[in-house]
Amino acid sequence: MHRKEIEKDYLKKINELKKYDEAYFKKDSPIISDKDYDICKQKIIELEKKYKYLDHKDSPSQKVGYEASNKFKKVKHLKPMLSLSNAFEKEDMKVFLSKIGNFLNIKDLNIEFSSEPKIDGISATLIYEDGLLIRGLSRGDGVIGEDILQNLKTIENIPKKISGNNIPKILEIRGEIYIGKKDFETIKDNFANPRNAAGGSLRQKDPKETAKIPLKYFAYGFGVIQPMIFKTQSEFISKIKQWGFLTNPYNQVVKNLEEIEKQHKLIEEIRSTLDYDIDGLVYKVNNLELQSRLGSTSNSPRWATAYKFSSEKATTKILDIIIQVGRTGAITPVAKVEPVTVGGVVVSNATLHNEDEIKRKDIRIGDIITIQRAGDVIPQVVSVDKLKRNKNSIKYIFPEKCLCGSKTKKEISTSTNKEDAVRRCTRGYECSFTAREKLKHIVSKEAFNIEGLGKKVIDQFWDLKLIRIPSDIFKLNYRTIDKLEGWGPLSIKNLKNAIDKAKTISLNRFIYSIGIRHIGQENAKILSGFFKSVDKFSLLFSKTKRKELLSNLSDLDGIGSTQAQSIENFFLNIKNIEVVKSLIEVLKIEDFKNLNKKGKFSNKNLMFTGGFEKISRSEAKALAEDNGGKVLGTISKKLDMLVVGASKPTKRKIDKAKELKIKVIHEKDWYKLLNI
Ligand code: IVH
């Protein structure tokens with residue numbers, strides 16, 4: 001059966017089940033026997049097991065009861081629950097270590113790391129006040145979680161009360177809920193995998209249902225602790241173990257890349273003997289003071305990474321090579337392969353990266369290839385078995401046109417002056433393939449974060465011509481959706497709520513969402529600090545004003561000529577201006593909020609010159625920003641303070657600053673200002 005048909009069949013079954021659920025739970029009058037109900041449920045789960053790409057929020061593998069997820073109170077986390085960056089091989093770990101060394105300005109990095117198995121479960125945070133468990137939240141979107149305390153309380157190895165000496169007044173423990181592999185055996189008919197089972201069971205409306213499933217909890221970290229009594233991660237782990245939390249017996253302190261590798265191999269060897277799924281090891285800087293100096297980027301801490309286990313490989317055949325168009329117009333070739341299981345997941349697509357990669361490996365349709373899958377990323381082609389190649393096979397010729405029919409271009413990079421490896425369609429919203437992907441970006445978690453409006457729904461709405469540009473999302477005709485297969489009153493209500501909620505958005509998220517190339521989350525933040533309001537940002541629509549703004553923009557540390565050029569290119573396209581304007585009309589965009597108004601450098605522009613002795617430039621920048629300041633990259637009258645590092649400062653800059661009567665301050669005195 002073709003994928004489309006399988007998906008249709010799957011959706012049909014999900015809808016049937018929804019009807020049965022509604023009759024049973026809402027109207028209290030079942031329309032099907034228990035036995036037939038179970039058969040329907042089972043069929044859905046079997047399909048999910050067979051075709052790993054099937055996934056639906058209403059699947060019985062994702063929820064155990066009815067409407068479970070909406071029943072929990074939403075609560076803001078005391079501190080965001082971030083995710084982790086990934087490493088897949090020794091080289092990635094080397095980069096992780098050197099980034100830390102650079103940030104902390106330590107030449108020969110010789111620090112400890114806590115190495116911990118990465119449990120493949122569901123994270124939850126527990127808050128204890130004076131030793132008493134008072135709150136338990138799911139991760140949610142990382143900022144807002146769901147109050148699942150009653151369900152968490154049913155888990156045996158979560159202490160409800162801790163005693164001992166020195167227990168902090170507020171103690172927030174973070175950890176992973178999981179189901180043991182043996183325990184999973186007894187319930188496996190109802191779920192696709194242990195992780196889904198744990199998730200489903202945790203979201204039960206009735207804690208008694210949760211209690212029926214044998215959940216366990218590994219504690220691995222903390223959120224807020226007041227007063228802070230720990231100096232290292234390993235000390236924290238051993239103390240909470242004494243307090244009665246289950247900690248992983250394979251946690252270990254390691255000191256360098258060699259020890260990291262050794263520990264990695266060791267745990268990988270025993271992986272299959274463990275009673276829980278792990279997908280790698282987490283490496284955390286052990287010293288908590290260094291952790292706090294390192295801080296986080298938008299999504300993940302700089303002090304930790306998840307080093308995944310080596311990827312799994314498999315051999316298969318290329319059935320076809322197609323091209324896909326990304327949201328930036330990038331044309332990516334994808335190999336359609338004979339379905340093959342790699343690491344427990346059925347794979348039928350593998351990325352071929354770009355035209356050069358196909359040429360270099362001389363990849364052809366009909367070839368027998370080895371593919372590998374690492375983490376959640378899309379599988380890649382490792383090698384081609386040329387001995388098995390059919391004599392009649394022909395070289396693959398990369399199409400020069402986009403799927404929309406227009407010519408593609410390879411750009412010249414402004415920084416290296418070299419031709420880009422990636423071909424792009426440059427028509428933006430005028431190319432329907434690019435536009436569709438842009439819409440998927442707009443609704444994604446980091447952008448508008450519209451729950452219930454995932455990639456598949458965007459595809460569905462696009463095919464029905466319900467949406468073409470972002471503002472259409474906020475003007476949806478729900479009466480039309482009501483008639484569609486797969487949509488009922490409840491899912492429409494949820495979608496409407498999620499879209500209404502998304503109408504209010506911060507300026508930085510908005511800037512990130514509109515999808516200007518080279519403007520990621522960090523740059524969007526810098527830009528939002530610069531523009532402060534959407535009105536000021538809208539001045540970019542005017543060609544003359546844009547010129548002036550862009551020249552000012554390059555003063556900002558982090559925004560270079562590549563970014564400025566990219567903003568210019570974006571707004572040169574009139575359709576983009578139209579799209580952004582109509583989006584602004586339907587939204588409430590919040591002005592930039594300086595989170596640290598009382599900070600030492602609040603509303604001040606700073607600049608650094610010369611190398612610092614104690615810290616790196618990145619840390620200095622982070623410190624300035626944490627204290628409310630903005631860091632510029634060039635000297636102008638706007639500057640309030642030039643901070644001069646001890647090593648090779650630029651004399652010209654100091655002279656210019658003095659000439660403009662800007663405060664010049666030396667590294668050591670700057671630390672004093674910050675009390676560090
Ligand atoms: S530390 C700032 N340690 O992995 C994030 N996470 O991909 C700190 N996980 O959301 C997380 N075992 O649910 C950490 N020993 C461990 C972990 C672990 C599993 C999960 C956790 C987190 C996810 C990040």
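We count ligands from 1, going down the list as the structure has it; atoms in each ligand are counted the same way. Just so we're clear, the structure is a prediction, and the values are computed from it rather than from any experiment.
Put simply, part of Lys284 is less than 4.0 Å from ligand 1, judged by heavy atoms. The closest approach between any non-hydrogen atom of Pro301 and ligand 1 is below 4.0 Å. A heavy-atom separation below 4.0 Å is not found between Gly175 and ligand 1.
Ile158 has its side chain within reach of Leu126: a pair of non-hydrogen atoms, C-beta onward, lies under 4.5 Å apart.
Regarding atom 12 (N) of ligand 1, its nearest protein heavy-atom neighbour is Ile119 N, 3.2 Å. For atom 17 (C) of ligand 1, the closest heavy atom belonging to the protein is Tyr220 CD2, 3.6 Å. Of all protein heavy atoms, the one closest to atom 8 (C) of ligand 1 is Leu84 CD2, 4.0 Å.
By the criterion of a heavy-atom distance under 4.0 Å, neither the backbone nor the side chain of Ser300 is placed next to ligand 1. If you look at Glu176 next to ligand 1, the close heavy atoms, those under 4.0 Å, all belong to the side chain. Residue-level proximity to ligand 1 for Val282 is carried by the side chain, the only part with a heavy atom below 4.0 angstrom.
Cation-pi geometry between Lys239 and Phe230 is not met at under 6.0 angstrom from the ring centre and within 45 degrees of the axis.
Lys181 and Asp275 are not joined by a salt bridge, as no carboxylate oxygen comes within less than 4.0 angstrom of a charged side-chain nitrogen. Ion pair Lys212/Glu209 flagged as a salt bridge, since at least one NZ, NE, NH1 or NH2 atom sits closer than 4.0 Å to an Asp/Glu carboxylate oxygen.
Between Ser234 and Asn286, the side chains place a donor N or O and an acceptor N or O closer than 3.5 Å (distance only, hydrogens not considered). For the residue pair Tyr276 and Asn248, a side-chain donor N or O sits within less than 3.5 Å of a side-chain acceptor on the partner.
Counting the atoms of ligand 1 from 1 in the order shown, those under 4.0 Å from a heavy atom of Pro117 are 12 (N), 15 (N). Interface atoms of ligand 1 facing Glu116, defined by a heavy-atom separation under 4.0 Å, are 3 (N), 15 (N), 16 (C). Listed by number with element, the atoms of ligand 1 under 4.0 angstrom from any heavy atom of Leu82 are 2 (C), 5 (C).
The option with the heavy atom closest to atom 4 (O) of ligand 1, from among Gln233, Lys79, Lys118, is Lys118.
A donor-acceptor pair is defined here as one N or O able to donate and one able to accept, closer than 3.5 Å; no such pair exists between the side chain of Ser506 and the backbone of Glu590.
Open room surrounds CD on Glu156; 12 or fewer heavy atoms of other groups in view lie less than 6.0 Å from it.
The six-membered or imidazole ring of Tyr128 lies near that of Phe245, with a centre-to-centre distance under 6.0 Å.
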